[in-house]
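If you read the sequence from its start, that first residue is 1, and numbering goes on from there.
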Amino acid sequence: MSSLGQTASQPQFITSHGNRTVSNGPNVPLIDNIDAEQIIVPERKSWKNLFAYIGPGFLVSIAYIDPGNFETDLQSGAQYKYELLWIILVASCAALIIQSLAAKLGVVTGKHLAEHCRAEYPKVPNFILWILAELAVVACDIPEVIGTAFALNMLFRIPIWCGVLITGLSTLMLLLLQQYGIRKLELLIAFLVFTMASCFFVELGYAKPSSSEVLKGLFIPQLKGNGATGLAISLLGAMVMPHNLFLHSALVLSRKIPRSIHGLKEAYWFYTVESAFALSVAFLINISVISVSGAVCSSENLSPEDQRNCEDLDLNKASFLLRHVLGKWSSKLFAIALLASGQSSTITGTYAGQYVMQGFLDLRITPWIRNMLTRSLAIVPSLIVALIGGSSAAGQLIIIASMILSFELPFALVPLLKFTSSKTKMGSYANSIIISSITWIISSSIMAINTYYLVTAFIKLLLHSGLKTVSIVFAGMVGFSGILVYTVAILYLVFRKNRKSTQPLWLGDAELGQSCNNSGTEINNSTYALPREDITSMQLPQTRSALDID
């Protein structure tokens with residue numbers, strides 16, 4: 001058996017097979033009976049190593065261009081033109097910083113965010129955090145369900161409520177396609193999504209939005225008009241999603257990286273570069289959708305039908321925006337890309353749900369069962385709303401789901417910031433004072449905006465409810481008690497001191513232990529960290545090489 005330390009001279013991607021064991025210290029995740037294809041990153045200084053790290057960031061970025069994003073983008077442009085573009089800029093910058101921290105947590109400690117939560121918090125807070133994380137996955141799945149239903153309506157004139165039911169079968173379709181490899185499936189989906197993005201880029205040139213107004217919208221914050229705050233929160237919730245933090249911190253564990261100071265720094269740097277590129281593409285797509293929607297809906301040459309569509313714009317009516325570019329094919333291509341967007345987002349939701357359950361409860365469920373359970377929870381509210389309110393109400397449900405994601409974000413973001421800023425968990429890789437300050441400012445701003453919106457929206461609801469004074473007082477007490485609980489829960493996470501130590505695993509750590517070959521001979525394995533079996537079993541298919549490690 002050749003030493004893993006000699007892999008520096010071997011090809012970039014290496015397929016490794018065979019069972020290995022590792023002695024587990026108190027801070028080392030359980031790794032046993034690994035028989036999975038692996039990506040092994042050579043311990044050499046080369047920019048070519050970047051290709052070994054490409055994957056997690058792009059999978060995570062899919063969530064930034066899902067049907068929920070398109071719905072909020074379209075309504076933002078139609079109602080407020082370019083005034084809310086700054087939300088996308090701020091959210092994208094915040095997303096890059098936050099996602100890079102999620103990647104660093106996994107790379108440095110060998111555990112993902114949900115596992116850290118289970119190790120750090122008592123049973124009751126851990127259970128509550130798990131429930132909130134599961135709700136976030138369901139809230140993320142609702143736009144995918146409705147977006148798929150809208151796509152089926154455009155393609156085959158299927159009623160929205162029927163489309164919602166049919167989306168339950170998309171889980172089985174997805175699993176059928178996965179047997180050909182997720183990489184091939186995602187390439188197809190990415191092609192379709194970027195086809196729609198290309199259409200919006202071309203339409204952007206046709207619509208010719210005012211560059212000065214676009215720049216003003218990007219760099220001058222403003223919230224004018226009724227509903228602007230709620231839509232801004234929806235934009236934020238659709239961009240920075242809590243389930244993505246759990247997902248990203250887990251996906252980075254699929255690589256077998258050198259556990260040396262240089263290896264950890266390189267892994268963190270390349271994961272950040274990859275995330276920056278992927279999120280930049282998502283940022284440009286979102287900006288284009290808002291700008292096209294704003295330019296077209298503010299045009300003076302709109303037909304009466306298009307004017308009515310702009311007044312209540314949702315995914316089911318948005319294909320007319322591309323009519324000047326695609327003609328009669330606009331609705332068909334838009335529907336195909338929307339269908340692809342929804343199904344690609346299903347992949348991230350499936351993986352995130354698996355990691356959340358495994359991390360918080362140390363429980364794993366077969367992916368198709370897990371996917372069907374989550375999809376069923378998303379289908380019920382979508383079906384009820386579609387039956388009662390039709391496509392317009394279904395579109396509003398996407399906005400509500402995005403707002404729920406924004407409200408739940410602190411319960412994933414605060415633990416992430418606490419863990420990555422803790423030297424007892426990250427050692428010398430803990431966040432610097434500057435990074436900590438920036439991330440806490442971002443987190444505090446999100447929490448302040450959410451709390452402000454909760455209070456003001458609830459007060460308006462009470463004042464315009466038409467209830468009697470006694471009922472208003474009673475409802476006010478219940479509502480403000482809920483807001484108080486929400487605030488206290490966040491403060492608990494903020495001010496609770498970390499009590500569990502999970503120091504970084506790197507070259508020289510005794511906990512990494514020894515590997516044994518079939519003859520019982522010990523092999524020094526301190527240079528590399530074995531990838532997590534539970535992560536590699538769900539990771540993207542790896543590039544195969546003819547070279548194996550015997």
Side-chain donor/acceptor of [X] to backbone N/O of [Y], under 3.5 Å:
{"X": "Ser443", "Y": "Thr439", "value": "no"}
{"X": "Asn153", "Y": "Ile160", "value": "no"}
{"X": "Asn498", "Y": "Lys418", "value": "yes"}
{"X": "Ser249", "Y": "Leu113", "value": "yes"}
{"X": "Glu115", "Y": "His112", "value": "yes"}

| said: With side chain to side chain contact (heavy atoms under 4.5 Å, CB included) as the criterion, how do Ile128 and Val124 come out once you've worked through the C-alpha distance, each side chain's angles and the decisive distance to 0.1 Å? | reply: CA-CA 6 Å; Ile128 294 173; Val124 173; 4.1 Å; yes
Quick one: closest heavy-atom pair of [X] and [Y], and the distance?
{"X": "Ile158", "Y": "Gly163", "answer": "CG2-N, 3.8 Å"}
{"X": "Ala91", "Y": "Val240", "answer": "O-CG2, 3.7 Å"}
{"X": "Ile142", "Y": "Pro381", "answer": "CD1-CG, 4.2 Å"}
{"X": "Val252", "Y": "Ala103", "answer": "CG2-O, 3.6 Å"}
{"X": "Ala133", "Y": "Phe246", "answer": "CB-CE1, 4.0 Å"}
{"X": "Ala282", "Y": "Ser61", "answer": "CB-O, 4.4 Å"}

Reported [atom1]-to-[atom2] distance for the pair [X] and [Y], which is rounded to 0.5 angstrom:
{"X": "Leu105", "Y": "Tyr268", "atom1": "CG", "atom2": "OH", "result": "11.0 Å"}
{"X": "Leu413", "Y": "Leu493", "atom1": "CG", "atom2": "CG", "result": "10.5 Å"}
{"X": "Leu279", "Y": "Leu284", "atom1": "CG", "atom2": "CG", "result": "11.0 Å"}
{"X": "Asn316", "Y": "Met154", "atom1": "CG", "atom2": "CE", "result": "5.0 Å"}
{"X": "Ile449", "Y": "Ser444", "atom1": "CD1", "atom2": "OG", "result": "11.0 Å"}
{"X": "Thr72", "Y": "Leu315", "atom1": "OG1", "atom2": "CG", "result": "9.0 Å"}

Mind checking what makes side-chain hydrogen bond (donor to acceptor under 3.5 Å, both in side chains) contact with [X], not counting sequence neighbours?
{"X": "Ser436", "answer": "Ser421"}
{"X": "His248", "answer": "Gln99"}
{"X": "Asn286", "answer": "none"}
{"X": "Thr420", "answer": "Asn431"}

Quick check: do [X] and [Y] have side-chain heavy atoms less than 4.5 Å from each other?
{"X": "Tyr64", "Y": "Ile285", "answer": "no"}
{"X": "Leu405", "Y": "Leu409", "answer": "no"}
{"X": "Val485", "Y": "Val488", "answer": "no"}
{"X": "Phe277", "Y": "Phe58", "answer": "yes"}
{"X": "Lys104", "Y": "Ile435", "answer": "no"}
{"X": "Ile442", "Y": "Ile438", "answer": "yes"}
{"X": "Leu247", "Y": "Asn244", "answer": "yes"}
{"X": "Tyr429", "Y": "Thr109", "answer": "no"}

Phe127, CZ atom: more than 12 neighbouring heavy atoms under 6.0 Å |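 No, CZ of Phe127 has 12 or fewer neighbouring heavy atoms, counting only those of other groups under 6.0 Å.
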- Mind checking what makes salt bridge (Lys or Arg N to Asp or Glu O under 4.0 Å) contact with Glu120, not counting sequence neighbours?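 For Glu120, the residues satisfying salt bridge (Lys or Arg N to Asp or Glu O under 4.0 Å) (neighbours in sequence not counted) are Lys425, Arg496.
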According to side-chain contact (heavy atoms from CB on, under 4.5 Å), who are the partners of Ser406, at least two apart in sequence or on a separate chain?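 Ser406 satisfies side-chain contact (heavy atoms from CB on, under 4.5 Å) with Ile233, Leu236, Asn450 only.
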According to side-chain contact (heavy atoms from CB on, under 4.5 Å), who are the partners of Val90, at least two apart in sequence or on a separate chain?
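With neighbours one apart ignored, the set is Trp86.
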Report the C-alpha distance between Val289 and Ile65 in whole Å, list the side-chain angles of each, state the deciding distance to 0.1 Å, and finish with yes or no for side chain to side chain contact (heavy atoms under 4.5 Å, CB included).
CA-CA 10 Å; Val289 173; Ile65 49 176; over 6 Å; no
Partners of [X] by ring pair (Phe, Tyr, Trp, His ring centres under 6.0 Å), sequence neighbours excluded?
{"X": "Phe150", "result": "none"}
{"X": "Phe419", "result": "His116"}
{"X": "Tyr271", "result": "Tyr53"}
{"X": "Tyr486", "result": "Phe411"}

Listed pairs under 3.5 Å, donor-acceptor, residues 394-404 side chains, sequence neighbours left out:
{"unit_1": "Ser402", "atom_1": "OG", "unit_2": "Ile398", "atom_2": "O", "d": "3.1"}

